[in-house]
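Encoded as structure tokens, the structure appears first; notes follow it.
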Amino acid sequence: MLQQDSNDDIEDVSLFDAEEETTSRPKQSKVRHPVASFFHLFFRVSAIIVYLLCELFSSSFIACMVTIILLLSCDFWAVKNVTGRLMVGLRWWNHIDEDGKSHWVFESRKASSQDSKTVSEAESRIFWLGLIACPVLWVIFAFSALFSFRVKWLAVVIMGVVLQGANLYGYIRCKVGSRKNLTSMATSYLGKQFLRQTTGDDQTS
């Protein structure tokens, strides 16, 4: 689980220091990074399949647990360091400065007017679908293990929730910005809805 100390700094920066023109950025339906797209889903889907079927093929809980944790760890590394950057132009990471202060950095690639690269809509859908759906499944598995008293599996399921939830949180922060931006976005949305409703009522009357 991502925890931030009181002395942590959070930075929202532009990946590759390019100028922002996201509204006019063209999209393609073609998968431009098939290998990255494959491994974005392979490790996390494999971990879920092994969790669901391992007891049918193996009586060793240790072997099942180690296999699932290895798959989850590979997925965490691949999604955090490779697939997010290639498929959607997002990256999050942490560094500690010379004073020992921790800094969380959430980066997003912002296309410049001279940038010929385009964002693949198909890759974006694959990325976000896998990123959101799998942690939801691990949360369901956690409640199932808890209510069915499968205590020995709780540690494995919690590991899945933590590792995949961390990537989900990090990339959402990259996508929408800092907490301050989230608050301003929510306030702006509510203001627009209120104004629209008020304008509609005035027109009907």
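Positions are given from 1, in the same order as the sequence printed here.
Inter-residue side-chain proximity for P135 and R44 is flagged as met; some heavy-atom pair is nearer than 4.5 Å. With a 4.5 Å cut-off on side-chain heavy atoms, S37 and M87 count as touching. Between L71 and T67, some side-chain heavy-atom pair lies under the 4.5 Å cut-off. You'll find the side chain of V88 stays beyond 4.5 Å of the side chain of E123, heavy atoms only. No side-chain heavy atom of Y171 sits less than 4.5 Å from a side-chain heavy atom of K175. Between F42 and C74, the closest side-chain pair of non-hydrogen atoms is not below 4.5 Å. Under the 4.5 Å side-chain criterion, counting only non-hydrogen atoms from C-beta, F76 is not in contact with F43. Looking at I62 and M65, their side chains come closer than 4.5 Å, going by heavy atoms from C-beta outward.
Taken from NZ in K80 to CG in L163, the straight-line distance is 12.0 Å, to the nearest 0.5 Å. Here the CD1-CG distance, from I132 to N167, works out to 12.5 Å after rounding to the nearest 0.5 Å. F61 CZ to K152 NZ: the interatomic distance, rounded to the nearest 0.5 Å, is 6.0 Å. Between L168 atom CG and W128 atom CH2 the span is 7.5 Å, to the nearest 0.5 Å. Note that CZ of F38 is 12.0 Å distant from CD1 of I126, once rounded to the nearest 0.5 Å. Atom CG of L72 is separated from atom CE of M159 by 8.0 Å, given to the nearest 0.5 angstrom.
When all heavy atoms of G170 and F106 are compared, the closest pair comes out as O-CD2, 3.5 Å. Contact detail for G130 and L41: the closest heavy-atom pair is CA-CD2, 3.8 Å. Across all their heavy atoms, W92 and C174 have their closest contact at CB-SG, 3.7 Å. Minimum heavy-atom separation, A36 to L86: CB-CD1, 4.0 Å. The minimum heavy-atom distance linking L90 with S108 is given by the pair CD2-CB, 3.5 Å. The shortest non-hydrogen separation linking V105 to H95 is CG2-CD2, 3.8 Å.
Tracing side-chain contacts under 4.5 Å through hydrophobic residues (I, L, V, M, F, W, Y), one reaches V50 starting from V66; they form part of the same cluster. Under the 4.5 Å side-chain heavy-atom criterion for grouping Ile, Leu, Val, Met, Phe, Trp and Tyr, L53 is connected to I69 within one hydrophobic cluster. Criterion: ILVMFWY side-chain heavy atoms under 4.5 Å apart, direct or through other members. Under it, L52 and L70 are part of a common hydrophobic cluster. Placement of V161 and F143 within a single hydrophobic cluster is found when ILVMFWY residues are connected by side-chain heavy-atom separations under 4.5 Å, directly or transitively. Transitive grouping of hydrophobic side chains (ILVMFWY, heavy atoms separated by less than 4.5 Å) keeps L129 and V136 in distinct clusters.
Residue E107 forms a salt bridge (Lys or Arg N to Asp or Glu O under 4.0 Å) with just one option from R91, R173, R85, and that option is R91.
F141 meets the ring-ring contact (aromatic ring centres under 6.0 Å, His included) test with Y51, W138; sequence neighbours excluded.
Of the possible donor and acceptor atoms, none in the side chain of S144 sits under 3.5 Å from a partner among the backbone N and O of I140. Side chain of D99 to backbone of K101: no donor-acceptor contact under 3.5 angstrom is found.
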Full working for side-chain contact (heavy atoms from CB on, under 4.5 Å) between W77 and V82: CA-CA 8 Å; W77 183 89; V82 180; 3.8 Å; yes
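Residue R150 qualifies as enclosed at atom CZ: its count of foreign heavy atoms under 6.0 Å is above 12.
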